[in-house]
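Everything on this sheet refers to the single structure shown next.
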Amino acid sequence: MIAFVSGPVAALAPDTAVIEVGGVGMAVQCTPDTLAELRIGRQARLAVSLVVRENSLTLYGFADDGERQVFELLQTASGVGPRLAQAMLAVQTPDALRRAVAQGDEKALTAVPGIGKRGAQRLLLELAGRLGEPAGAAATSHPAGAAAPAPWSEQLHAALVGLGYSAYEAEEAIAAVTPAAEAAAADGAAPKVSHLLRAALRTLNRAR
């Protein structure tokens, strides 16, 4: 089993990072949150989970081992494949998912594209006791590579489109979170794409 990949980032796409490992480009499926921390040409280390299918071998990448573990545990629930598990981690942090399951929070799960009220209820029942207790309220940090971030709006737009939203929906969501991003910038802090992404997804979910 491949536990992690480490090397320079060769390419980035809305849902994929290519990491050069020993002269070979490894395509790794990642959440927008993880991708937002990567920079082409910079070193990165991603924990990975290899998903084997009859006609494919797919690597899913994560900021750390804990996130990978939650990804794999989510798939123990019926109807949850790697794509849906990754979408859940794109919307909620691992700790937020643990808290949602522990508290029976349906809204936290229905915020994920593709999960309705009944699906959320079923997942809460099946995942009860499997994810463990919330580790804390602190947001997950992503150590994978850091440089001056690209414009937050472009990263957020690419992330939303990569999750399946239309360009129009992405633009509407970006407009909704712009005041928060501008407030952060006014305080001298760079807007954090992961936080803005979750706020944008909540906005899109309410609009349905």
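The figures that follow rest on heavy atoms only: side chains count, while hydrogens, waters and symmetry mates do not.
In this structure, the side chains of Glu126 and Arg122 come closer than 4.5 Å at one or more pairs of heavy atoms. Between Gln69 and Pro94, the closest side-chain pair of non-hydrogen atoms is not below 4.5 Å. Two residues are said to be in side-chain contact when any heavy atoms from C-beta on lie closer than 4.5 Å; Gln29 and Leu59 fail this criterion. Asp64 has its side chain out of reach of Phe62: every pair of non-hydrogen atoms, C-beta onward, lies at least 4.5 Å apart. Using a 4.5 Å heavy-atom threshold, the side chains of Val91 and Pro113 count as touching. With contacts defined as side-chain heavy-atom distances shorter than 4.5 Å, the pair Leu89/Leu97 qualifies. Residues Met88 and Leu109 have side chains in contact (heavy-atom distance under 4.5 Å, counting atoms from C-beta outward).
Put simply, the residue from Glu72, Arg68, Gln75 that forms a side-chain hydrogen bond (donor to acceptor under 3.5 Å, both in side chains) with Ser49 is Glu72.
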Q: Give the C-alpha distance, both sets of side-chain angles, the deciding distance and a yes or no for side chain to side chain donor-acceptor pair (under 3.5 Å) between Thr76 and Arg130.
A: CA-CA 9 Å; Thr76 63; Arg130 296 188 188 180; 2.8 Å; yes

Q | Derivation of the side chain to side chain contact (heavy atoms under 4.5 Å, CB included) call for Asp15 and Cys30 | A | CA-CA 6 Å; Asp15 61 354; Cys30 301; over 6 Å; no

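Considering all non-hydrogen atoms of both residues, Ser6 and Ile19 come closest at C-CG2, 4.0 Å. Here the closest non-hydrogen pair linking Ala120 and Glu106 is CB-O, 4.0 Å. Scanning both residues, Leu131 and Val101, for their nearest heavy atoms gives CD1-CG2, 3.8 Å.
Residue Glu37 holds its CD atom at 10.0 Å from OG1 of Thr31, rounded to the nearest 0.5 Å. From Arg198, atom CZ reaches atom OG1 of Thr203 across 14.0 Å, with rounding to the nearest 0.5 Å. Here the OG1 atom belonging to Thr110 is positioned 8.5 Å from the CD1 atom belonging to Ile115, to the nearest 0.5 angstrom.
Under the 6.0 Å distance and 45° angle rule, Arg45 counts as a cation-pi partner of Phe4.
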